[in-house]
Amino acid sequence: MKPRISMITLGVRDLQASVRFYEQGLGLPRMESPPEVAFFTLNGSWLALFGREALAEDAQVSPEGSGFAGFALAHNVESEAEVDQLLAQAVAAGATLAKPGQKVSWGGYSGYFKDPDGHLWEIAHNPFFWAGPRD
């Protein structure tokens, strides 16, 4: 397996509401997409939104689930102030603040929000190195 993630697909309950959250609320650039899916270009990969039931059916797993899903998506920024700003932007767009920005044990600064479907996003500033591709 090559060391890359080509696409992250999130199963969502309300596709149009999730599209509004990611496109208008967070400002991600949306690609032209078929009506049953939405694609957003990221720096080096894509984010896809797909109906939760349809995604579960495609993977042949149960669509039921609650609580912690066992993973978080992460977005690194250049400063602690940017962490707080992006968390506030996400909450204003309809996210739920899971953990406010704060100093963390590894020496950085991070916080978490849940998107409208409960997908967990970490917003982090790592003062020791840049994680991910540069814009």
Side-chain angles (χ1 to χ4, degrees):
M1 185 167 156
K2 303 276 186 190
R4 81 173 153 265
I5 294 178
S6 305
M7 183 180 309
I8 297 165
T9 304
L10 301 177
V12 299
R13 289 183 295 273
D14 183 335
L15 182 61
Q16 294 312 312
S18 291
V19 166
R20 280 190 303 277
F21 175 77
Y22 282 99
E23 183 176 23
Q24 297 167 9
L26 296 183
L28 296 184
R30 185 174 178 199
M31 300 173 57
E32 192 168 322
S33 312
E36 67 276 2
V37 66
F39 295 111
F40 297 87
T41 56
L42 305 177
N43 190 357
S45 62
W46 290 1
L47 174 68
L49 305 176
F50 198 58
R52 183 178 177 93
E53 300 278 334
L55 184 58
E57 181 180 326
D58 185 54
Q60 297 181 348
V61 298
S62 170
E64 300 304 316
S66 64
F68 181 54
F71 73 95
L73 301 166
H75 179 80
N76 280 61
V77 295
E78 300 269 354
S79 69
E80 293 179 10
E82 285 182 81
V83 170
D84 294 334
Q85 183 277 325
L86 189 48
L87 289 171
Q89 180 181 347
V91 169
T96 302
L97 185 64
K99 175 186 159 191
Q102 56 192 258
K103 298 276 188 190
V104 290
S105 63
W106 50 267
Y109 185 87
S110 73
Y112 288 83
F113 71 82
K114 292 180 183 180
D115 78 0
D117 284 278
H119 298 111
L120 195 59
W121 283 83
E122 178 188 25
I123 308 301
H125 167 63
N126 185 333
F128 307 111
F129 71 93
W130 180 254
R134 288 280 179 191
D135 293 333

*What distance do E53 atom CD and S62 atom OG have between them, rounded to the nearest 0.5 Å?*
8.5 Å
*Please tell me if the side chains of Y109 and D84 come closer than 4.5 Å, counting only heavy atoms from C-beta onward.*
yes
_Student check: side-chain heavy atoms of V91 and T96 closer than 4.5 Å_ = no
*For D115 and S18, test the side chains for any donor-to-acceptor distance below 3.5 angstrom and give the result as yes or no.*
no
*Is L97 linked to I123 within one hydrophobic cluster, defined over Ile, Leu, Val, Met, Phe, Trp and Tyr using a side-chain heavy-atom separation of less than 4.5 Å?*
yes
*What closest approach, in Å, do G25 and A93 show between heavy atoms, and which atom pair accounts for it?*
CA-CB, 3.4 Å
*Is Q102 atom CD crowded by more than 12 heavy atoms from other residues, nucleotides or ligands, each under 6.0 Å away?*
yes
_Closest approach of A38 to V19 (non-hydrogen atoms, all atoms of both residues)_ = CB-CG2, 3.5 Å
_Least distance between heavy atoms, V104 atom then S110 atom_ = CG1-OG, 3.5 Å
*So does K99 have more than 12 non-hydrogen atoms from other groups sitting under 6.0 Å from NZ?*
yes
_To check you understand the geometry: which heavy-atom pair defines the closest contact between A48 and V37, and what is its length?_
CB-CG2, 4.5 Å
*Describe, in one word, how the ring planes of F113 and W121 are oriented to each other, choosing from parallel (under 30°), tilted (30 to 60°) and perpendicular (over 60°).*
parallel
*Please name all residues satisfying side-chain hydrogen bond (donor to acceptor under 3.5 Å, both in side chains) with H75, sequence neighbours left out, ordered by chain then number.*
none
*Euclidean distance, R52 CZ relative to E64 CD, rounded to 0.5 Å*: 7.5 Å
_Minimal non-hydrogen separation, P127 against G107, with atom names_ = CG-O, 3.5 Å
*Does D14 reach the side chain of Q16, with side-chain heavy atoms less than 4.5 Å apart?*
yes
_Let me check something: do L86 and L47 share a hydrophobic cluster, defined by ILVMFWY side-chain heavy atoms less than 4.5 Å apart, either directly or through other members?_
yes
*Starting at OG of S79, measure out to NE2 of H125 and round the result to the nearest 0.5 Å.*
6.5 Å
*asked:* With rounding to the nearest 0.5 angstrom, report the CG to CG distance, L42 to L28.
replied: 6.5 Å
*State which residue, out of Y22, F39, F40, fulfils the side-chain contact (heavy atoms from CB on, under 4.5 Å) condition with R30.*
F40
*Over all atoms of both residues, closest heavy-atom pair of A98 and L120*: CB-CD1, 4.1 Å
*According to a 4.5 Å side-chain heavy-atom criterion applied to Ile, Leu, Val, Met, Phe, Trp and Tyr, with indirect links allowed, do L49 and M7 form part of one hydrophobic cluster?*
no
*asked:* Hydrophobic clustering (ILVMFWY, side-chain heavy atoms < 4.5 Å, transitive) - are F128 and V77 grouped together?
replied: no
*asked:* Taking I8 as the starting point, is it possible to reach M31 by hopping between hydrophobic residues whose side chains are less than 4.5 Å apart?
replied: no
_Reported CG-to-CZ distance for the pair D117 and F21, which is rounded to 0.5 angstrom_ = 10.0 Å
*Would you call K103 and E80 a salt bridge, using N to O less than 4.0 angstrom?*
yes
